[in-house]
Protein chains: 2
Amino acid sequence: MTGPADFDVRQFLPYLLNQAAEASSLEFQKVYKDKYGMLRNEWRVLFHLGIYGQMTASDIGTRAQMHKTKISRAVQRLAERRYLTRTRAEDDRRVEYLALTAMGQKVYQDLKKTAADYDAALVDGMSEKDAATLRSLLERLALRP
Amino acid sequence: MTGPADFDVRQFLPYLLNQAAEASSLEFQKVYKDKYGMLRNEWRVLFHLGIYGQMTASDIGTRAQMHKTKISRAVQRLAERRYLTRTRAEDDRRVEYLALTAMGQKVYQDLKKTAADYDAALVDGMSEKDAATLRSLLERLALRP
DNA sequence: ATGTAATAGTTGTTTTTGTAACTAACAAGC
DNA sequence: GCTTGTTAGTTACAAAAACAACTATTACAT
């Protein structure tokens, strides 16, 4: 039985997850940063709009588990760069519909392709099965309340 | 064959890793933050010293893949709280040996125990085998240059 | 020995984030 | 209709991270 007494903190999941997340984000981060001047939160908002089309800031918050201030600022910057448009809802004037512009779509497609390639490099050497297990467990950990 | 065209960005490893890392860090973060007023980098430095005993800031940097400014500031705060002591090396006066005080050790032991419990909760419901696969793949991703 | 480079660690400045408080619009109960 | 509460989103301020420049010391080559 493995108790707390001989627990190896180097194997602590939050630590391993952070290490892996930081390391694996590094290379891809450079792409959206250097090429498009984007921050991580902006990339997240962008790809959610790319996937789902038009949605509100709250929708994004729910889907991406992002706080509303992060979204608010990311949306501002993306709007400045003309990657998205904001449309006030007519039935509920608190709400704003967000959608990518043509330019935003192009950036999304480009980044998505780069992401696909980079993802392939990351799982290179892993078995299909292990990679699938990894993704599924990560999803599960991410959804944990 | 799965090409970039139909790649689902929601399955992008860096994204999943960041989501899982953020979510899983949350609960534990509160412990070292609220109970000991520590930041993540301080917790990292602390547990490295707890594991390896005396080491230099550079050693920690190598082991934990942390930048030296992060370490420098974390060490400062830990020293202020009397969780560690700094000893100038006699043979090379640029170097400082860091080691936990008795109080630092106690904090480390307490956090380690909490971490062990929390880790157990995280893997609860996973098979032993899957949990092991997860840790091993994370380690591998973390070490990627 | 002496100028050049490298290493250990710190400090200063700028960006980003986190937290809380805020405005505006809507909803519901009485 | 008017108070109370809720939701959408923004803004202000404080905390933290990133990045670059810095000091001090040692190593190395000529």
Side-chain angles (χ1 to χ4, degrees), chain A residues 18-19 21-23 25-30 32-34 36-45 48-49 54-81 84-99, chain B residues 18-19 21-23 25-30 32-34 36-45 48-49 54-81 84-99:
Chain A
N18 271 298
Q19 297 269 84
E22 277 169 32
S25 293
L26 233 139
E27 197 173 333
F28 183 66
Q29 193 172 78
K30 288 204 318 198
Y32 58 68
K33 201 168 181 180
D34 295 352
Y36 296 109
M38 283 168 60
L39 266 31
R40 193 170 48 136
N41 290 333
E42 291 161 42
W43 154 238
R44 284 190 182 178
V45 166
H48 275 84
L49 291 174
Q54 190 179 69
M55 59 199 306
T56 70
S58 296
D59 294 339
I60 298 174
T62 308
R63 290 267 182 202
Q65 297 183 211
M66 278 170 77
H67 193 268
K68 56 185 181 177
T69 61
K70 285 185 183 177
I71 297 167
S72 176
R73 291 198 255 247
V75 166
Q76 271 183 320
R77 298 194 42 165
L78 290 171
E80 280 166 20
R81 280 165 209 274
L84 62 77
T85 56
R86 337 169 71 149
T87 320
R88 188 59 67 180
E90 290 185 7
D91 52 320
D92 184 343
R93 302 220 320 269
R94 291 170 301 182
V95 174
E96 239 179 19
Y97 293 116
L98 307 169
Chain B
N18 272 297
Q19 297 268 85
E22 278 168 33
S25 293
L26 235 139
E27 196 173 335
F28 183 66
Q29 193 172 80
K30 286 203 321 197
Y32 57 69
K33 201 169 180 179
D34 296 351
Y36 296 109
M38 283 170 60
L39 267 29
R40 192 169 49 133
N41 290 333
E42 290 160 43
W43 153 238
R44 284 190 183 179
V45 166
H48 274 84
L49 290 174
Q54 189 179 70
M55 59 197 307
T56 70
S58 297
D59 294 340
I60 298 174
T62 307
R63 289 267 181 202
Q65 296 184 212
M66 280 171 75
H67 194 267
K68 56 184 180 175
T69 62
K70 287 184 182 176
I71 298 168
S72 176
R73 286 178 164 129
V75 167
Q76 270 183 320
R77 298 195 42 168
L78 290 172
E80 280 165 21
R81 279 165 210 274
L84 63 76
T85 56
R86 337 169 72 150
T87 320
R88 189 59 68 182
E90 291 186 6
D91 51 321
D92 183 344
R93 302 221 319 271
R94 292 170 300 183
V95 175
E96 239 178 18
Y97 293 116
L98 307 170

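As a basis for the values below, the full set of heavy atoms in this structure was taken, side chains included, without hydrogen atoms, waters or symmetry mates. Letters go in sequence order (proteins before strands), and every chain restarts at 1.
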What is the distance, to the nearest angstrom, from the CG atom on A:D91 to the P atom on D:dT7? 17 Å
Donor-acceptor pair present, B:R88 side chain and C:dG9 base, under 3.5 Å: no
Measure distances between side-chain N and O atoms of B:R40 and base N and O atoms of C:dG18, and say whether any donor-acceptor pair falls under 3.5 Å. no
For the pair made of CG in B:L26 and C1' in C:dT17, what is the distance, rounded to whole Å? 14 Å
Roughly, in whole Å, what's the span from CZ in A:R44 to P in C:dT17? 10 Å
Determine whether any donor atom in the side chain of A:R94 lies under 3.5 Å from an acceptor atom in the base of D:dT7, or the reverse, and answer yes or no. yes
Both A:N41 and B:Y97 contact DNA chain C. Which one's nearest nucleotide lies toward the 5' end? B:Y97
Grab the CD-P distance between B:Q65 and D:dA17 for me, whole Å please. 17 Å
side-chain contact (heavy atoms from CB on, under 4.5 Å) for B:M66 and B:V45? Distances and angles first, verdict last. CA-CA 9 Å; B:M66 280 171 75; B:V45 166; 4.1 Å; yes
Phosphate oxygens OP1/OP2 of D:dA17: is one of them under 4.0 Å from a side-chain N or O of B:K70? no
Does A:K68 put a side-chain nitrogen or oxygen below 4.0 Å from OP1 or OP2 of D:dT10? no
How long is the line joining CD1 of A:I71 and P of C:dT16, in whole Å? 18 Å
Assign B:T69 to base, sugar-phosphate, or nothing according to its heavy-atom contacts below 4.0 angstrom with the strands shown. base
Between A:E90 and A:H67, the residue closer to the 5' end of DNA chain C by nearest nucleotide is A:H67
Taking only side-chain nitrogens and oxygens of A:R77, does any of them come within less than 4.0 Å of OP1 or OP2 of C:dT16? yes
Determine the contact category for B:L39: base if any of its heavy atoms lies under 4.0 Å from a base atom, sugar-phosphate if only primed atoms, P, OP1 or OP2 are that close, otherwise nothing. sugar-phosphate
Kindly check if the number of other-residue, nucleotide or ligand heavy atoms within 6.0 Å of OH (B:Y36) is above 12? yes
Integer-rounded Å distance: C:dG9 C1' and B:L98 CG: 10 Å
To the nearest angstrom, how far is B:M38 atom CE from D:dA17 atom C1'? 17 Å
Within a 6.0 Å radius of atom CZ on B:R86, are there more than 12 heavy atoms belonging to other residues, nucleotides or ligands? yes
Looking at every strand, decide which applies to A:D59 at a 4.0 Å heavy-atom threshold: base, sugar-phosphate, or nothing. nothing
Could you state the interatomic distance from CD (B:Q65) to CD (A:E22), rounded to the nearest 0.5 Å? 8.5 Å
May I have the distance from B:R93 (atom CZ) to C:dT7 (atom C1'), rounded to whole angstrom? 15 Å
With a cut-off of less than 4.0 Å, is there a side-chain N or O of B:Q76 near OP1 or OP2 of C:dT11? yes
Any A:S72 side-chain nitrogen or oxygen under 4.0 Å from OP1 or OP2 of D:dT11: no
Of B:L98, B:L39, B:L84, B:T85, the one forming a side chain to side chain contact (heavy atoms under 4.5 Å, CB included) with B:L78 is B:L84
